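Each remark here refers to the structure printed beneath this line.
Each ligand, and each atom within it, is numbered from 1 in the order the structure gives. Since this is a predicted model, take the numbers as computed values, not measurements.
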Amino acid sequence: MTDFAATKAMFDLPEDVIYLDGNSLGPLPLAASDRVSDMMVKEWGQMLITGWNKAGWMGLPTGLGDRIGRLIGAEPGTVVTGDTLSIKVYQAVASALELCPDRKVVLSDNGNFPSDLYMVDGLLRSLGPDYELRVVAPEDVAANITDDVAVLMLTEVDYRSGRIHDMKALTELAHANGTVTVWDLAHSAGAIPVDLSGCNADFAVGCTYKYLNGGPGAPAFIYVAPRLTDRARPALSGWLGHEAPFAFDLDYRPGNGIERMRVGTPPILQMTALSAAMDIWDMADMADVRTKSIDLTELFIARVEGTCPELELASPRDPQQRGSQVSFRFTEGYAAMQALIARGVIGDFRAPDIMRFGFTPLYIDARDVERAVEILADIMQNRLWDAPEFKVRQRVT
Ligand SMILES: Cc1ncc(COP(=O)(O)O)c(C=O)c1O
């Protein structure tokens, strides 16, 4: 059994804050500051460039990839970290398209994170006018996997509502149609159990600054199914994905296996922080995380609905259909969230009217949920959100 009291003690959570936004940016693992500082002073400072070999910096992208892989049902050697998620989306979709040269359509849904759609739009424009990004409603995805669809690109857990797509069923349907799948796990990795291997997924991507707690700007990851790694040609063919980067050949030859999905120099400071976070994750079992996450979200929904009738549930009511987040609609949701943050309960807001709360069993427990709802109820019942200072829109919502 995962010891959640022990994992909670491993985070640097400010006093008087209940942090319900780990679905957007995870908090600081206590060990990360010393780890990064040591890395800077002892490795960067003393080893200088020899750190790439002596301190094993060059192996960090795949080493971290394997540790993340355990949480998402990926076989060892199939996940590599680096770059940002938007870049990894581009990379995965470009490689997936090349595997289906006779088709020109990428299918996605309008619940997807806009950056995924923007990146594919940019990719397809560079490929030529015959290519099409087809965006349908989430519930219409299955019916739209037609025989012209090269790639199905979906985010498994909807960033606003937390609704989960059925990865296994949709992947099966896609494969029966000759379509390659790209799954975005930004709101899945560390949130719900994922079984990439069992679902026979083709490509998957995700970020490490949300549930995985790697810190702002932490690297993304990409998974390629082992049956495809030697066929998938990287469109972002950087030198560190080359078969022999230090041969400095003028021609690109993709590296072996997942190494080919590397692009350029890895962000070692960020990866060091992420490795401190993964030490905590190494103590966790995703089945335990899921059980506790469902308990927390069920408790939150019941308490909010019992005390705040103005808030309308925007997440699936069935916990099996929901990730590790809960959203409520409220026309003055932005102001209400600002009022909550001023009282130490941190969630976030997604336009036009969604108040979003993330539940992260590694450091949130039932007492935090009860206390957060007491404060929310006070704000709603006494209209404390209705103050000018809570209505000023900030750059990041
Ligand atoms: C589902 C999803 N995909 C893509 C992104 C973009 O990630 P990045 O800013 O790391 O490129 C995000 C960011 O929150 C996201 O939630």
Side-chain angles (χ1 to χ4, degrees), residues 20-26 61 64-65 68 72 79-94 96 106-123 133 135 138 141 151-165 167 170 181-192 194 196 201 203-223 235-236 261 263-264 266-267 269-271 273-274 277 314-315 322-327 346-351 354 356-360 395-397:
L20 303 182
D21 215 358
N23 54 310
S24 210
L25 173 69
L64 286 165
I68 294 166
I72 54 174
V79 179
V80 67
T81 52
D83 315 301
T84 67
L85 177 50
S86 302
I87 299 291
K88 283 334 209 190
V89 166
Y90 185 101
Q91 202 182 20
V93 174
V106 176
L107 177 66
S108 191
D109 72 23
N110 59 22
N112 206 344
F113 192 77
S115 192
D116 293 24
L117 303 177
Y118 304 159
M119 293 306 286
V120 171
D121 178 61
L123 166 66
L133 170 59
V135 180
V141 167
V151 178
L152 173 65
M153 173 191 67
L154 294 172
T155 292
E156 187 189 20
V157 177
D158 185 295
Y159 73 106
R160 276 180 301 202
S161 68
R163 184 260 312 120
I164 303 179
H165 267 309
M167 181 188 287
L170 288 170
T181 55
V182 175
W183 289 97
D184 182 336
L185 305 180
H187 302 271
S188 310
I192 59 171
V194 178
L196 289 174
F203 294 83
V205 293
C207 61
T208 63
Y209 47 74
K210 300 181 191 292
Y211 293 92
L212 299 184
N213 312 307
F221 64 85
I222 184 166
Y223 162 87
L236 297 173
M261 290 299 168
V263 181
L269 292 177
Q270 286 283 180
M271 289 189 171
L274 175 60
S315 296
R322 188 171 75 222
S324 203
Q325 65 186 70
V326 174
S327 299
I346 303 183
D348 61 22
F349 172 79
R350 288 292 174 264
I354 286 191
R356 196 171 67 149
F357 302 91
F359 296 87
T360 44
R395 189 161 174 186
V396 175
T397 65

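- Of all atoms in ligand 1, listed by their number and element, those nearer than 4.0 Å to a heavy atom of Ser86 are 6 (C), 8 (P), 11 (O).
- Contact check for Asp184 versus Leu85: side-chain heavy atoms found under the 4.5 Å cut-off.
- Listed by number with element, the atoms of ligand 1 under 4.0 Å from a non-hydrogen atom of Ala186 are 1 (C), 2 (C), 15 (C), 16 (O).
- Across all non-hydrogen atoms, the minimal contact from Ser188 to Glu156 is OG-OE1, 2.8 Å.
- Close approach to His187 involves these atoms of ligand 1, each under 4.0 Å from a residue heavy atom: 1 (C), 15 (C), 16 (O).
- Contact atoms of ligand 1 toward Asp116: 3 (N), 4 (C) (distance under 4.0 Å to a heavy atom of the residue).
- Of all protein heavy atoms, the one lying nearest to atom 15 (C) of ligand 1 is Phe113 CG, 3.4 Å.
- Closest to atom 10 (O) of ligand 1, if we only count protein heavy atoms, is Tyr209 OH, 2.7 Å.
- In this structure a side-chain-to-backbone donor-acceptor pair under 3.5 Å is present from Lys88 to Met261.
- In terms of modelled atom types and a separation under 3.5 Å, the side chain of Ser324 and the main chain of Thr360 share no donor-acceptor contact.
- Ring geometry for Phe113 versus Tyr159: interplanar angle over 60°, hence perpendicular rather than tilted (30 to 60°).
- The protein heavy-atom contact nearest to atom 3 (N) of ligand 1 is Asp184 OD2, 2.7 Å.
- Within the listing of ligand 1, atoms 1 (C) sit less than 4.0 angstrom from a heavy atom of Thr155.
- Nearest-heavy-atom check against atom 14 (O) of ligand 1 across Met119, Lys88, Lys210 picks out Lys210.
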